[in-house]
Every structure is written in C-alpha cells, then in structure tokens.
Amino acid sequence: MHLPRPTRRWLPVLLVSILAAAPWARAADATPAKKPVHSVDDLPRHTYHLAAAPSAVIQDDAAFTALAAEVKKDLDADLAAYDIQDRSTRQDYDGTLLALALLNHDDTAARSLIAELRGLEEKPSLKLTTGLVAEALLDARAQHPAPADLAAVFQREFAALLAKLPWNLAENELKQLKSGFEVRSTNLLVGLVQQQIDPAALKTGAISGDVAAQLVAIRNQLVNYLPLKAAILAPLDAVVAAHQVVKPDRWTPTLVTLAPDAKASPVLLGIWDSGVDAAVFPHRVYTDAAGKHGFAFDLHANPSPDLLYPLGDAAARLPQTIGRLKGFIDLQAAIDSPDATALKQYMATLKPDEVKPTLEDLDLVENYAHGTHVTGIALAGNPFASIVIGRLTFDYHLIPEKPTIEQARKDAASYQVAVDYFKQAGVRAVNMSWGGSLKEVEDDLEANGAGGTAAERQKLAREIFDVDRTGLLDALKSAPGILFVVAAGNSDNNVKFDDVIPSSFQLPNLITVGAVDQAGEETSFSSFGPMVNVHADGFEVESTIPGGQRLKFSGTSMAAPQVTNLAGKLFALDPALTPGSAKALILAGCVKNGRVNLVDEQKSVSLLQDHMAAAK
C-alpha cells in the first residue's frame with residue numbers, strides 16, 4: 001500500500017522540520033483582487049530547472065544564488081496574488097522567506113518574519129521557541145563581531161534568550177532542538193539530498209517549488225547554523241541540565257483499570273496497523289474459524305500470511321537498529337544513555353552514502369514495531385479486551401514506490417476487505433494510527449521523476465488520491481456498528497486544509513485524536529483542525545514492541561490507542577452501547593482547554609455508570 005503512513009516521530013527528532021515542504025503562497029491583508037485559497041489544491045505550483053544535481057547546488061554559491069533569486073521572485077508574486085487563511089501554510093511560507101533573509105543578510109526582514117511566525121502560532125510552546133536560533137544569530141550579527149568571534153557572541157546571546165523562557169512551556173521544544181543538532185551534520189544533509197532528491201532531479205532536470213523550499217532550508221543549515229553547532233548545543237545542554245524537574249503527570253491519574261472480576265463482557269478491538277507480534281499478548285488475540293488471528297496485506301495490497309512484517313535480511317541488524325532507534329528516543333528526552341551516546345558517535349562519522357541505508361533501516365524497524373506498540377496501549381488496564389490483527393504495509397524506502405491509479409484501486413479494494421473482516425469478527429472499535437495526504441502523493445510522484453509537469457503531476461496526484469480516499473471513506477461508512485479511532489497526524493498542520501485521510505473524515509462512527517504530553521499540553525507536532533475531536537497522551541508513551549522489549553514512542557499514533565482503550569472499556573462495561581453513544585461519552589468526559597479537548601477516562605466511565613444506574 002502506497003498512501004498510508006504511520007504517524008511516527010523519530011525523523012523529526014533527526015531533522016527538526018528542516019525538510020518540511022513549504023507551500024508556495026502566503027496571505028497578507030485580504031483584498032478582493034487576491035485569489036482565495038481554500039485548500040492545498042488551490043496553491044500555485046512552481047518548477048525550477050537546474051543545470052546540476054541539487055546536492056551540488058546547495059554547496060555552490062553561484063548556483064544557489066541563482067536558484068534563490070528565482071524562488072524569491074515567485075514568493076513575492078504569490079504574496080501579491082493569493083489570499084490564504086490557513087495558518088500552517090502561511091508559517092511554512094514564512095519559514096522559507098526567513099531562511100532566504102538570513103542567507104541574504106537581510107536582518108530587518110528576518111526579524112519581521114520571526115515576529116510574524118510567532119504571531120501565527122497558536123501553540124504556546126511554539127509561540128515562545130519558533131525562530132529562537134535565528135533570533136540569537138541576528139542579535140549576534142547586530143554587534144558586528146569579527147568572523148572568528150561570531151560563535152562566542154552567538155552563544156552568549158542564545159544563552160540569554162534561553163534564560164528568559166519558562167521551562168514548563170518550552171521544555172519539550174528545547175529538548176527536541178537539542179537532540180536535532182546533536183545528530184545533524186553536513187554529511188547527513190548532503191547525503192539526504194543526494195539520495196532522496198538528486199535521482200528524480202537528474203532524471204527530469206527540474207525540481208518543484210516544494211523541493212526548492214527544502215533546498216533553501218538545507219542551505220541555511222549548512223551556511224548559518226551548522227557552523228555554530230557547538231555554540232548552539234552548549235547553552236541548550238546547560239539549560240536542560242539546570243531543569244531536571246519532571247513535568248506534572250495529569251494524564252495517568254485519570255486512567256481507569258478494570259478489575260478482572262468486574263461486571264463486564266469480552267470486547268474485540270481491531271488493530272489496523274503495521275502488524276502485531278501476537279506472542280507478546282498471549283490469550284488476548286482473536287482466532288477465526290480458519291485458525292487465523294486476523295488478516296494482512298503486503299505493500300501492493302496482496303493478501304499475506306504474515307501478521308507481523310517479515311524483516312528478511314534486516315533481521316540480522318535488528319538489535320543494532322533498535323539501539324539506534326532507542327538512542328533517538330533518549331536524545332529527544334535529553335537522557336544521556338549508552339544508546340544515545342553510541343548514536344551521536346555513529347552519526348558524527350556518517351558518510352553521505354550511508355544516509356539512505358541508515359534511515360531506511362530505522363524506518364523499517366519502526367514500522368515493524370509500530371503496531372505492537374499501539375496494541376500495548378490499546379489493551380492496558382482492560383482484561384476483557386482482545387485484539388483482531390489487521391496488517392497493512394508501509395513503505396520504508398527513502399524514495400517510496402511510484403504511486404499509480406492501478407495501485408490505488410487495489411488499495412481501495414483492500415480497505416473494504418479489511419473492514420468486512422472486522423465486521424464479521426464482531427469488532428467494536430478499530431484503531432487506525434496511520435494516514436496519508438494529497439500532498440504526499442504529489443511528493444512521491446516527484447521523487448520518482450513521474451507525473452509530467454508540475455500541473456500535470458498535481459492533476460494525477462488528485463486522481464490517485466481520490467481513488468484511495470473514496471475507497472477508504474466508503475469502507476468506513478459500510479461499518480456503522482464499529483467505532484473507528486484515527487490519529488490526527490504529526491505535521492502540525494490543518495488536516496482539513498491539507499486533505500489528510502482519514503483524519504479529515506467526519507463520520508458518526510469515527511473519532512480523530514490529537515496528542516498532548518502527560519501534563520495535558522498540546523505537542524508541537526500534533527496536527528489540528530475542525531475534525532480533530534479529542535486529545536490524549538502521545539508523548540513518550542511506553543509500550544511493548546515485538547519480542548517484548550519496552551520502548552517510549554511519541555506521536556498521535558500513541559494518542560489514538562489511548563482513546564481506543566477507553567472505548568474498549570466502555571463497550572466492555574455496556575455491550576449495548578452504539579459507536580455513536582460511546583463517542584458521545586468520550587466527548588462528554590473531556591476537559592476543554594483552548595483547542596485541546598482532553599480525554600478523561602474516569603469522567604467518561606463515571607458518566608456511563610451513572611447512565612446505567614439510572615436505567616435500572
């Protein structure tokens with residue numbers, strides 16, 4: 001299957017959004033003359049022709065300057081022509097402009113863009129920390145130090161900015177910033193461009209506006225930030241070391257554990273994910289009449305007998321890759337573990353041609369672990385729950401397979417087969433910690449040098465996406481007796497504007513979940529929008545991976561099964577509940593704080609018990 005992707009979080013730890021594609025338009029004051037932009041489909045597409053490989057362009061002053069001039073010209077034209085109200089799109093646009101301003105030493109424009117980016121931000125933590133490194137660089141430049149003194153002046157200014165931040169709000173973002181720079185290097189960034197962007201660009205001789213924005217971001221890292229890496233890390237190390245206070249845990253006290261002798265009934269939960277190691281959950285796995293514990297489809301939507309992804313040759317590297325994955329997780333949490341130390345040492349010596357196999361192994365192993373980790377969260381505290389395994393296969397390659405209409409049709413048909421299996425098994429709730437978007441299809445076409453011109457690629461991507469979207473939506477509609485719990489996504493974007501499925505669906509039997517940390521504060525990565533119904537803990541959530549090892553993962557992938565867990569308890573306590581009534585109980589128990597609608601298990605269970613008592 002090509003479109004679905006797990007909502008994972010290790011790659012942003014590595015790159016901290018520097019490779020995020022930036023849509024090519026920005027809103028200023030709305031005027032009747034501006035073209036309204038209501039969705040990602042309405043954004044203009046741009047193409048840039050290159051005489052050399054992108055990896056050479058980002059390292060060549062003259063070649064990059066020529067590209068940057070074209071990009072700036074298009075940005076200015078789009079700014080004059082389009083009216084966009086979507087905040088995340090405007091932030092992406094301003095991020096590209098900020099990188100260009102820093103590279104051009106247009107420090108006045110850069111300060112204005114930092115202020116605008118923070119003004120657009122709705123998450124308190126990001127309002128404080130967005131553009132922090134850029135601001136320190138501007139403060140240092142304003143003192144006109146000699147080149148040899150820039151790092152020392154920058155370090156002093158960056159430390160002063162960090163000292164002003166309230167740790168309780170900025171903690172997670174500062175730890176992520178620190179972890180990103182600890183593993184980032186010139187070889188890593190150049191290697192990514194060589195192995196992810198160069199192949200298609202060399203084939204077609206052109207790149208899209210989105211790829212151009214990525215190159216601008218990488219050039220800014222290479223020229224402005226990486227030379228200051230030590231000066232960035234020293235103040236971050238100091239501020240993290242000075243604040244070893246653990247955030248208050250407001251999530252765990254709200255959880256409910258059903259006693260084995262409680263008055264409750266068995267309940268089946270579907271785990272529609274990357275596969276599950278059934279041996280980790282003995283006596284908690286459904287078996288059908290044929291002796292199977294569920295179903296599986298391979299990458300091309302063909303039936304597979306393997307309910308857990310077969311690692312093949314990668315199995316020999318599994319312990320090493322899990323260690324590196326744990327290293328990323330520990331770095332994000334600012335834990336100085338042996339795995340974190342080993343990872344930093346490995347990444348420091350990584351050669352450009354080693355980037356692809358390293359990242360693909362990490363992606364493959366996280367896919368391998370993802371569904372089992374989700375299952376552990378969904379089953380916690382509910383001895384009455386068992387699972388039906390539904391495996392789909394996520395592509396782990398740096399350049400995914402080329403999307404096609406034919407494959408989209410096969411994927412769409414497999415969705416219906418999957419939902420029919422869940423229905424026949426008697427599943428009450430299905431967890432879906434995955435998704436895909438229109439833009440991802442367009443990006444995958446470009447990565448393969450396919451789809452023709454930018455306009456032709458946009459049209460083809462829409463056709464492919466709509467086949468997949470319609471197939472998935474129809475399948476979910478066909479099972480009104482099942483509650484589908486879906487992850488919002490980890491792109492800090494509006495799922496409606498960007499057409500993300502299934503999190504942009506609105507159905508009476510579907511609930512979309514964003515992520516908070518254990519203190520109940522919205523994570524910087526959690527996607528949002530009018531379709532995001534509730535929020536649950538999705539930050540450093542510990543659960544089991546294949547083989548029984550315990551790891552902490554972050555993402556809305558971890559938040560969704562928290563809600564599936566609650567739904568399973570509600571259905572166990574009252575098997576007569578419909579999906580709509582269970583969803584209503586979950587929503588009624590939530591605690592509202594701004595746009596965060598925080599799930600509270602105890603309140604929802606209490607509401608159900610009060611209702612059941614009144615009905616006697």
Side-chain angles (χ1 to χ4, degrees), residues 1-5 11 15 18-24 40-41 43-60 63-64 66-68 70-71 74 96 188-219 299-301 352-353 355-360 363-364 393-411 436-468:
M1 295 193 179
H2 295 153
L3 181 63
R5 291 168 166 84
L11 187 58
L15 301 178
I18 62 172
L19 294 184
W24 288 90
V40 68
D41 257 340
L43 294 170
R45 268 61 171 177
H46 296 286
T47 299
Y48 302 94
H49 297 280
L50 300 179
S55 60
V57 171
I58 60 172
Q59 299 177 84
D60 183 274
F64 180 80
L67 173 63
E70 290 187 65
V71 170
D74 285 335
T96 303
L188 172 64
L189 299 184
V190 172
L192 273 169
V193 178
Q194 285 179 347
Q195 296 170 37
Q196 189 172 40
I197 297 176
D198 279 3
L202 290 171
K203 179 180 177 180
T204 64
I207 59 172
S208 69
D210 289 338
V211 170
Q214 294 174 17
L215 298 184
V216 168
I218 291 171
R219 172 75 175 184
L299 183 62
H300 302 106
D353 62 358
V355 170
K356 183 175 184 288
T358 296
L359 298 189
E360 288 186 347
D363 240 357
L364 172 59
T393 302
F394 307 128
D395 198 338
Y396 64 89
H397 295 93
L398 208 57
I399 298 177
E401 286 194 5
K402 182 178 72 175
T404 65
I405 291 283
E406 294 73 22
Q407 185 57 51
R409 288 175 181 145
K410 287 187 68 177
D411 291 345
S437 71
L438 171 64
K439 193 66 183 61
E440 287 168 339
V441 178
E442 198 170 337
D443 291 343
D444 289 353
L445 285 169
E446 180 177 7
N448 283 276
T453 66
E456 291 168 343
R457 190 166 54 242
Q458 178 186 9
K459 181 175 182 292
L460 177 59
R462 169 52 75 181
E463 291 173 359
I464 293 171
F465 180 79
D466 280 350
V467 170
D468 205 289

Rounded to the nearest 0.5 Å, how far does [atom2] of [Y] lie from [atom1] of [X]?
X    : Y    : atom1 : atom2 : answer
R457 : T204 : CZ    : OG1   : 7.5 Å
E360 : L364 : CD    : CG    : 9.0 Å
L67  : I58  : CG    : CD1   : 11.0 Å
K356 : L398 : NZ    : CG    : 7.0 Å
T404 : D444 : OG1   : CG    : 11.5 Å
S55  : L189 : OG    : CG    : 12.0 Å

Given side chains that start at C-beta, do those of [X] and [Y] come closer than 4.5 Å, heavy atoms only?
X    : Y    : result
L445 : K402 : yes
I207 : E446 : yes
H300 : E401 : yes

If the condition is side-chain contact (heavy atoms from CB on, under 4.5 Å), which residues does [X] pass it with, not counting sequence neighbours?
X    : value
D41  : S39, L438, Q458, R462
T47  : H49, A206, A454
A52  : A56, V57
A200 : none

Set of residues satisfying side-chain hydrogen bond (donor to acceptor under 3.5 Å, both in side chains) with respect to [X], sequence neighbours excluded:
X    : value
E456 : T453
N448 : none
H397 : D395
E463 : K459

For A213 against T96, the heavy-atom pair lying closest together: CB-OG1, 3.7 Å
Using modelled atom types only, decide if a donor and an acceptor are shared between the side chain of E440 and the backbone of S437 within a distance under 3.5 Å. yes
Are a donor atom and an acceptor atom from the side chains of D210 and Q214 found within less than 3.5 Å of each other?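 No, no side-chain donor-acceptor contact under 3.5 Å.
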V211: which of V216, I197, L50 passes side-chain contact (heavy atoms from CB on, under 4.5 Å):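 So the option named by the test is I197.
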